[in-house]
Structure formats: C-alpha cells, structure tokens
Number of protein chains: 2
Amino acid sequence: MPETTRRTERLPGNRYGNRPTMKDVAARAGVGLKTVSRVVNGEPGVTPDTERRVQEAIDALGFRRNDSARVLRKGRTASIGLVLEDLADPFYGPLSRAVEEVARAHGALLINGSSAEDPEREQELALALCARRVDGLVVIPAGDDHRYLEPEIRAGVATVFVDRPAGRIDADVVLSDNYGGARGGVAHLIAHGHRRIGFIGDMPRIHTAAERLRGYRAAMEDAGIPVEERWMSLGATNPERVRRAAEEMLSGPDPVTAVFTGNNRVTVTVIRVLAEQSRRVALVGFDDIELADLLQPGVTVVAQDAAALGRTAAERLFRQLDGTLVAPERIELPTRLISRGSGELPPAD
Amino acid sequence: MPETTRRTERLPGNRYGNRPTMKDVAARAGVGLKTVSRVVNGEPGVTPDTERRVQEAIDALGFRRNDSARVLRKGRTASIGLVLEDLADPFYGPLSRAVEEVARAHGALLINGSSAEDPEREQELALALCARRVDGLVVIPAGDDHRYLEPEIRAGVATVFVDRPAGRIDADVVLSDNYGGARGGVAHLIAHGHRRIGFIGDMPRIHTAAERLRGYRAAMEDAGIPVEERWMSLGATNPERVRRAAEEMLSGPDPVTAVFTGNNRVTVTVIRVLAEQSRRVALVGFDDIELADLLQPGVTVVAQDAAALGRTAAERLFRQLDGTLVAPERIELPTRLISRGSGELPPAD
DNA sequence: CCCGCATCTGACAACGTTGTCCAGGCTCTA
DNA sequence: TAGAGCCTGGACAACGTTGTCAGATGCGGG
C-alpha cells in the first residue's frame, strides 16, 4: 500500500495561501534576507555552513521563490507568448511544440493562446501577454492590422509573425512559400492532363488562403487555361460549406476533374466527398495529413514544415532579444510536393 | 592618488525598455497615482472629465498595466499551468485547447509545457509554473511520484491530474476508462471469432498502458483464452519498435489474427504494417484517428474524448479555486467503441 | 597589537501596482 | 447657514524580490 498524503485544509488567505517568503526563511535560518536570496540564486559569497542552514530552512518551510516579484525587480520574465489559431489543429500542434523547444533552450516558458481566427480575440490575447510582460511574442495573425502592437514593440517586446504576414506594421515574418507551393501543386495536376481544376480554400481575408489562390491562378495562366468562376470557392473551412462547394463543382455539365484544396481541414472533407463519387477525381492538398499515404489512392500534398516555421520564428525572436538583429526581415520557407497517387490520376471525363 | 573606482552607471535597458508606468501617466494627466489605477481598472469614483484626461495620457504614452506588479500585489495571477506530454500529439492538442477554453471563461491564461514523457522534466516544469505562481495546475503525469507538489498544494495551488493518476499523493484525477475500454475492444475482436489476439502498447510504467493491458487480459480471461507471452509487447511507441513487435507476432507458426493497439501512435504504425501483409488481420485501436473511416477497411477504435478530459479537469480546477470543492475525487470518463470494419474482420488462418 | 585586505553578511531602497485611509469640496437637509 | 453625508482624489504602505553599499568578521603581515 503506497503511502499517500492528505490534502490539508486550505487557508482562505488570498496571499498565495500564506506561502513562506525569503523573509521567513531568513528568520528561521537566522540570517539576513539577502543571504537567502544569494543561496536561492546560487550567487557566490556564502559560507558552506551558512548555505546549509539556509537550505534546511528552505526545505523545512517548503519555500519557493516568487517569480512574479523577481520579474518585477529584474524586468525580464523569461517567458514568451504564442498566439495561434487553434491548438487543436494538427498543423499548429507541432509548430507550438517547436517554439516551446526553442524557448526551453533559452530558459524561457511558453504561454499560448488560441485566437480562434478572431482578430479581436487575437488582439486581446496579444495585449494580455504584453501586460504579463512576456519578453517576446510569436503571433500567427488572425487580423490584418497589427498597429496595436506598435507601442509594445517600441517598448522592447520582441515580435515575430509566423505563417501569415503582419498587417500595417514592419516586423519579422516567417512564412511558407504559399504561392509557389500552390502553383507547383496545381501545375502538377495540369501536367497530368487536367484542365478543369477546382480550388477550395479558406476565407480570402486570410493571407495564406489568398496566396494559395494566387498560386492556383498563376499555374492556370501559365498553362493558358482560362479559369472559371465556379471552379473557385473560398470561405469558412467547416465541413458543411466545403462539402457543398466540392459537390457543386463536381456536378453539372462540365465538372472539374481535379481539385486543389487550400489546407488540411479542407483536404480531409474533400477526401470524404471524393470517396463518395463514382468517378475518380484527382486531388492535391495543401498541408500534409497523417495517414495520407494509406488511403486509396494516397493523397498527394504540398507539405509545409510546421515545426520549421515555429523553430525559425522562435530562433529569430531570441536573436532579437540578444540584440543580434536589427532590421525586420521576411523569411520564406520552401514547401515540398509529395506524390502519393491522388494527384497523378488522369482526368476522367 | 587620483585614481578612483567608478561605479558603473545604472543601465536603463533592463527596465522593460523604459515603459511608462502609472506614475508617468499620473504626472502627465496631472492627477494622483491611485486615480490612474482607478481608471485602468474601471473602478468607480472618477469624474468623467478626469477619466478622459487620464485616458488621453494613457493613449499618448502607450501605457499598459504591468501585470507582474499587479500579481505581486493581488496574490492571484489569473493563469493556470498545463503540463502535458507533447503538444504535437494529436491527442493532446484538443485536450489543451479545451483547458484553454475553460480558463478563458474564467479570465485566466494558460501556460503550458511539454514533459516529453520525462518525469524529471515534468517536475521541473510543474515547479517552474508554481514559481510563476499559477493559480492552478493541470498535470498529465509523466512520473509516478508527485510528492514534490505537496508543498505547493498545501500553499494553495489548485491541482488536477488528467489522463493518468497522480503518484503517491491524494489529488483530483480525471481519467478515461482505459481498462473498460480496452476490455470492450478486445471483447469485440473475440466476438468476431478471434482467439490469437496481439496487444501492442506503450511503456508499462505509464498508467494508461498498464490499464489497457489489464483490460486486454481481462477480456481474454473472460473468454477463457490463455494469453501467450509473445502476443504482448509493451515499450516505446516509436515506429521502429512497434513495427518490429507487430511483425514478430504476425509471423511464425501460429500468428495472431487480430491486434489491439494501445494508443494512436501505435495504431498508425500497425496500420502501415498490416497494409503490407497478404493476410487480412483484424485491428482495434485505442484512441480515435483522423481519416480512420476512409481507410480500407475503416479502423475500428476505442475512442476517448480528449476535449472532455481537458474540460472536466479544468472545470474541477476552477471549482477548487472557488472553494466549492473539498475532497479530492477520481473521475472516470467512458470510452466509446466505434466500429468501422477493421475490428469486424473474421480470423484468417 | 594594529592595520590593511578580502570575504561574508545584512540594512535599505527600489520595481509598479493596489488597498487603506484621510482630506477636501460638494450637496442636501434642518 | 451650519452640520451631516457623499463624492472625488491623493499620500502612503504594502506585496516579495534583487542591487547597492556599508558594516562586520577573520586573517596575515608589519
């Protein structure tokens, strides 16, 4: 039978539940306040004997340094903030984790929040993080105007935008090559004989969505294919809308023979729709998807490296904090086309 | 001697980049410090005219309240910590998001960290969060001894463990019914005629892995099937090991005709292995997987509700903080068997 | 024995905010 | 018009930590 402890009655005091402070430790150890501070921070200039006494008092009282007070005094919080769209999205999980790892390597903690693609919430979150005095901010923008961050940046909050560019301010940005990736993906479909190609993407106000659409148009233009309005559908990525959009362009007299999907969520829904079709329709999706290789046919995708995006952004953030960086820069990471079958299906008219 | 030691001048750089404080705002608006505080916090007792003057000064200076100082004064940080295994794991993303939503509803921010399944790192993280004086802590344990949290809990840090129970301390726990879920999943395979059933799971020191194995054993025993040692494989869930384990139990004179996989990562790898087999092997996996319904055959799973786990835990955390709760409790959420085909394949000997 | 020097230690003042408390000035009533 | 009571505004002391600086202590050398 394992020994367990019982939760003792909690004191109602709002003072951190009456936690011991350095003062308490000092009193118990019979030393000065500053000496405790020195021991806690491993500063030199303390006799081994004194140090032992202090350490004993710390253990006996269950003391833990209050970093809030420390932060107040030192001016650095050793924490950075990440504002993203949705932590539950398989694209942002790895990105967040990558940022966390870099932060950890720099001894910083990561505070993150989901904007749920709501510009107002993004701002609210980012500013709340600034109020906590995070040293830096990694933002995946939901809105397109980030002037609200100007005072913060001027005040010294390192800031890097990822996945989408900042709006109306000059700041570091780390992006995937959305335009090029989409263009390549669509060109791939064209190369396999398709001419009527659909595009289903996220809301046009989202930069990545717009860029990918631009890539689609460019590829079509490169091939001299006039794009028809009904082949393109931009909007919310909930399954219902995407399904409707897909079914629409797959029906009628001249249905599309291939579809390019603008992100992972769209791709998943479209795969479901295509599975119900009698005809084989080619598909290339932006963003890689787990198990994409095991479907019949395998799903051809334009993959971006979410972890690399996060890592690059975070590293840049810390370089800003080091003072190594001066001028804002725009970094674009390449995408990679992964052929698995669905993108190589011939047109079936 | 003319030479004197010069004291280094105080560098202004470490003071949040010289941000304006309430004092600065007060000076500019020509009011007292506390009046600014009142305006910032929307407290009553300020003339509209004064309020306007203060607000103008705030905007002009780009003032933002320093929450670190606020926290120090008030004793509550309005933030909670989440220690989980890996944010990049599709199981923990939704869980984390659910915790965040509850926190948000209570006006709190979420700080999270990945333990990478390392008990030491878990402890380090949890204590770092306590040093930041988070109001509460949601922990997905990596280790099996959490006595290190005793002083913190006693000091008033609300604590809830999720997904796996706490080790050697008495605390709130929210779990899935791992035992029952696995038992049901394996029973499902048995009901479809299987007798030689393999089990591939995570490291046995992980509670969920052990419980699921226990469920497997129970189901086998219920059916009067003696379990052979070579049918069971527990260990790291990296693809290499899992693949080896699967291939081993699928070869030899009396290969298994069905496999029960202990979590999402294992399931994904085993799907790959099974796809390469000439025989059809039945499969039931613990944890649902995206696109599981679109594979051939669809993957039958025992699904747990990650979001519900997170939500339940977070709600309980805030009830602790409200003072509504007293005694630690163990909550178990049901799992759900989702038949999609792979679990209904007959044995192919 | 005392001085100089190095090493340790502790008193004290920040850091930026909020809670307490009191001083004026105002309105309202008797 | 005086007194009571309300509103508004500000002085001041925390909160728990760290940086500064000066005082204490010990040691060796003159």
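Chain letters run A, B, ... following the sequence lines, proteins first and then strands; every chain starts at 1.
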inquiry  = Once you measure the plane-to-plane angle for B:His106 and B:Phe318, does it fall in the parallel (<30°), tilted (30-60°) or perpendicular (>60°) bin?
reply    = parallel
task = Would you mind classifying the nucleic acid contact of A:Asp67 as base, sugar-phosphate or nothing, using non-hydrogen atoms under 4.0 angstrom?
result = nothing
query = Whole Å only: how far is the CG atom of A:Asp49 from the C1' atom of C:dT9?
reply = 14 Å
remark   = Regarding the side chain of B:Val46, the nearest nucleotide among C:dG16, D:dG9, C:dT9 is D:dG9
task = Look at all strands and tell whether A:Val40 reaches a base, only sugar-phosphate, or nothing, counting heavy atoms closer than 4.0 Å.
result = nothing
Closest to the A:Arg65 side chain, choosing from D:dT17, C:dG10, C:dT17 = D:dT17
message = Is any side-chain heavy atom of B:Pro151 closer than 4.5 Å to one of A:Arg64?
response = no
note = To the nearest angstrom, the CG-P distance between A:Leu61 and D:dG16 comes to 14 Å
key: Pairwise 5' ranking along DNA chain C for B:Pro20 and A:Pro48, keeping only the more 5' one   = A:Pro48
ask   = Looking across every strand, which nucleic acid part, if any, lies under 4.0 Å from A:Arg38 by heavy atom: base, sugar-phosphate, or nothing?
value = base
message = Just the rounded figure in Å: distance from P of C:dG24 to NZ of B:Lys34.
response = 20 Å
message = Could you tell me how far apart B:Glu51 (CD) and D:dC7 (P) are, to the nearest whole angstrom?
response = 17 Å
From D:dG10, C:dG19, D:dT17, nucleotide with atom closest to B:Thr35 side chain = D:dG10
note = Winner on side-chain proximity to B:Leu72, out of C:dT17, D:dT17, D:dG16, is D:dG16
request  = Mind calculating the distance between NZ (A:Lys23) and C1' (C:dA11) to the nearest angstrom?
outcome  = 13 Å
inquiry  = Assess, by modelled atom type and distance only, whether the side chains of B:Asp135 and B:Thr77 contain a donor and an acceptor separated by less than 3.5 Å.
reply    = yes
request  = Measure from CZ on A:Arg70 to P on C:dT17 and round the result to the nearest Å.
outcome  = 20 Å
task = Side-chain contact test, heavy atoms from C-beta onward, threshold under 4.5 Å: evaluate it for A:Ser114 versus B:Arg97 and give yes or no.
result = yes
